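A short write-up of the structure that comes next.
Because the structure is predicted, anything quoted here is derived from the model rather than measured. Worth knowing before you read on, the calculation uses all heavy atoms, side chains too, and leaves out hydrogens, waters and symmetry mates.
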Amino acid sequence: MAGSSNSAPVSSIHTSSETGRLLPSATKCNSKEIDLDVSLPSPYSKSYLFELVITDKTHYRRFLYISLTLAFVVLALGLVPHFLPQNNRHHGHSKNLTLALNQAITFFDAQKSGSYPSNSPISFRGSSGLQDGNSSNIHADLVGGFYDSGNNIKFTFPAAYTITLLSWSAVEYHRKYADIGELEHIKDVIKWGSDYLLKVGSAGNDTKNPIPNDINCWQRPEDMRYKRPVSVCNETASDLAGEIVAALSAASIVFKQENEYSQRLIKKAEQIYEITAKEDRIHRAITYTTIDACGGEARKFYGSSGYKDELVWATTWLFFATGNHTFLDYATTNFAAAADDETTTDKGIFYWNNKLAANAVLFTRLRFFRDLGFPYEKALGLSTNMTDQLMCSYLSKQNFNRTPGGLILLSPGTGGPLQFAATASFLSKLYNDYLTLLRRSSWNCTNDGFSLEMLQSFSTSQINYILGDNPRKMSYMVGFGDHYPTHVHHRSASIPWDGQYHSCADGDRWLHSQDRNPNILLGAMVAGPDQFDDFSDEREKTWFTEPSIAGNAGLVAALIAHHDPPRSSASNGPDLGLDIVGIFEKVHLDS
């Protein structure tokens, strides 16, 4: 959010007063002695001639000064609105979204695995996991990537989702990122992830197996001495392969100015997709499965409910990355089937396990701004209806409950409500921007009509809740504001960076300590409160205090969507800082 004023077979590896009018007193005015001689108007002028005799020059000068000052204040108040951003005058934030965005991106710097960059803003991290892959059962280079949350595990499925979402936000709002000096920062984070996914794709569609030590040992990643085996999924893990394809494709658009790297990402995405699609054609009903069939212990943390949404998601991003209509044909043909396959508990939720709602928004974008006509009308029309219904569900309060403080509860039985609220905020603000560009101010739902102002109010309320506008007056993003969680469930943050080696046994005392974390995990969005807005800032209660890269990806996307657009922008229509045509650079009607 500029804020405002607050402060191959291919396998894959899981390895945030009214101005007082100063008027001269009646007493002082009456103390002036003024002789007024009014003559008749001149026949040659409509002005009047006054002969004024000033007997008290001190009071007269004071009167002039006050009058001129008053006139200047009135003029300034009249001019100020002309210098405000045009699109958000009525929806300003009380939060410093520039600061919040910088901190939210910085969280990813704290999660980096591999050879740690010397210029990192995080002072309590170093190189780690330098033998990942080589010391495992498959002997591959799996150095790099991100640790998933407060543990030392690298999960490919949520990591790929994270890169897809961050890339999407950069594709849409790169002008905003650049305006506040965060474009290179977000690109660095994306590339750190896409570089790792290239390695994963080269080694195979495998997932990182969370070995017991990773969970049972409370230790900084720099101190790890135990073996880190890798669990392998082949091309039949279609959901995992699909998310990796989507991530590489979306990242290729972010790096389109770096042609060689962009093409490398596209090539790998196409290779992974082709192997997965070939398997589908041969054994559609038997081997076209999810990572649950091969992910080892990973499925205990990130078990997938289906693969169809990931494959539609993958081919949609491949289409935007390449302009190849074959990919759009697959995506639009299978979109309805993916919608039918969506579980009841996942409906209306955009997160690492379900991309259908986000895909509907992407298809609606295509229909609004680059309608390709036949044979895509039916699928794109369905997506628009689905997107409208999604926005209605956010606003009606009939589909989803809210906490007393206003946080939407999209998956109340899951815990960690903030990650879902953040992506809902992103999708609703993005769709609001689309409709604003189309000059569409309202639409109808089943029982009610809704306006863009209502949609903007909803999306803003969720971000503001996360940043401190909640009953506890707590920012759920670490380091933002004066009151935020200080016992975050995170190994690196809770163990002192003191140059000493700390074993698993040493780490236990920090896990169970009542002291605040010695290191501030800047920008980390924790899981969040319960359905009653209650929150327990305790390190061992992961359902309250653990952050994740997938959750922070949604927060970053929502923050940049709500950030004010560049002030220097010039546009014939409303300027929202949105690149409406960049995603279509390779899309042509005659492809």
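Ser428 and Asn432 form no side-chain donor-acceptor contact under 3.5 Å, judged by distance and modelled atom types alone.
Contact of the Lys95 side chain with the Asp469 side chain is registered, since non-hydrogen atoms from C-beta on lie closer than 4.5 Å. Side-chain atoms of Phe107 and Phe146, non-hydrogen and from C-beta on, never get closer than 4.5 Å to each other. In this structure the side chain of Phe108 never reaches within 4.5 angstrom of the side chain of Asp188, judged on heavy atoms. Thr106 is listed as a side-chain neighbour of His185, based on a closest heavy-atom distance under 4.5 Å. Under the 4.5 Å side-chain criterion, counting only non-hydrogen atoms from C-beta, Val478 is not in contact with Leu522. Taking 4.5 Å as the limit, some side-chain heavy atom of Leu99 sits within range of a side-chain heavy atom of Phe480. No side-chain heavy atom of Glu342 sits less than 4.5 Å from a side-chain heavy atom of Asp309.
Taking the side chain to side chain contact (heavy atoms under 4.5 Å, CB included) definition, one finds that Leu382 meets it with Phe335, Ala336, sequence neighbours left out. His490 is linked by a ring pair (Phe, Tyr, Trp, His ring centres under 6.0 Å) to nothing, counting only residues two or more places apart in sequence or in another chain.
In this structure a side-chain-to-backbone donor-acceptor pair under 3.5 Å is present from Thr545 to Glu538. The closest donor-acceptor contact from the side chain of Ser393 to the backbone of Leu390 lies under 3.5 Å. No donor-acceptor pair closer than 3.5 Å links the side chain of Lys429 to the backbone N or O of Thr460.
Taking a cutoff of 4.0 Å between a charged side-chain nitrogen and a carboxylate oxygen, Arg509 and Asp506 do not qualify as a salt bridge. Salt bridge status for Asp498 with Arg220: present, with a side-chain N to carboxylate O gap under 4.0 Å. Ion pairing between a basic and an acidic side chain is recognised when a charged N comes within 4.0 Å of a carboxylate O; Asp530 and Lys541 show no such pairing.
In this pair, Phe544 and Phe535 present their aromatic rings perpendicular. The plane angle is above 60°, beyond the 30 to 60° band. Relative orientation of the Tyr431 and Phe368 rings is parallel, given thresholds of 30° and 60° on the angle between their planes.
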Could you list the donor-acceptor pairs under 3.5 angstrom formed by side chains in residues 356-365, with sequence neighbours left out?
| unit_1 | atom_1 | unit_2 | atom_2 | d |
| --- | --- | --- | --- | --- |
| Asn359 | OD1 | Trp313 | N | 3.2 |
| Asn359 | ND2 | Thr316 | OG1 | 3.1 |
| Thr364 | OG1 | Ala360 | O | 2.7 |
| Thr364 | OG1 | Ser383 | O | 3.3 |
| Thr364 | OG1 | Thr384 | N | 3.4 |
| Thr364 | OG1 | Thr387 | OG1 | 3.1 |
| Arg365 | NE | Glu172 | OE1 | 3.3 |
| Arg365 | NE | Glu172 | OE2 | 2.9 |
| Arg365 | NE | Tyr434 | OH | 3.1 |
| Arg365 | NH1 | Ile580 | O | 3.0 |
| Arg365 | NH2 | Glu172 | OE1 | 2.7 |
| Arg365 | NH2 | Asp579 | O | 2.9 |

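Exactly one of Ser120, Pro117, Pro221 qualifies for a side-chain contact (heavy atoms from CB on, under 4.5 Å) with Lys112. That residue is Pro117.
The two residues Asn470 and Tyr476 make their nearest non-hydrogen contact at ND2-CE1, 3.5 Å.
The six-membered or imidazole ring of Trp218 lies near that of His489, with a centre-to-centre distance under 6.0 Å.
Within a 6.0 Å radius of CD1 in Ile520, no more than 12 heavy atoms belonging to other residues, nucleotides or ligands are found.
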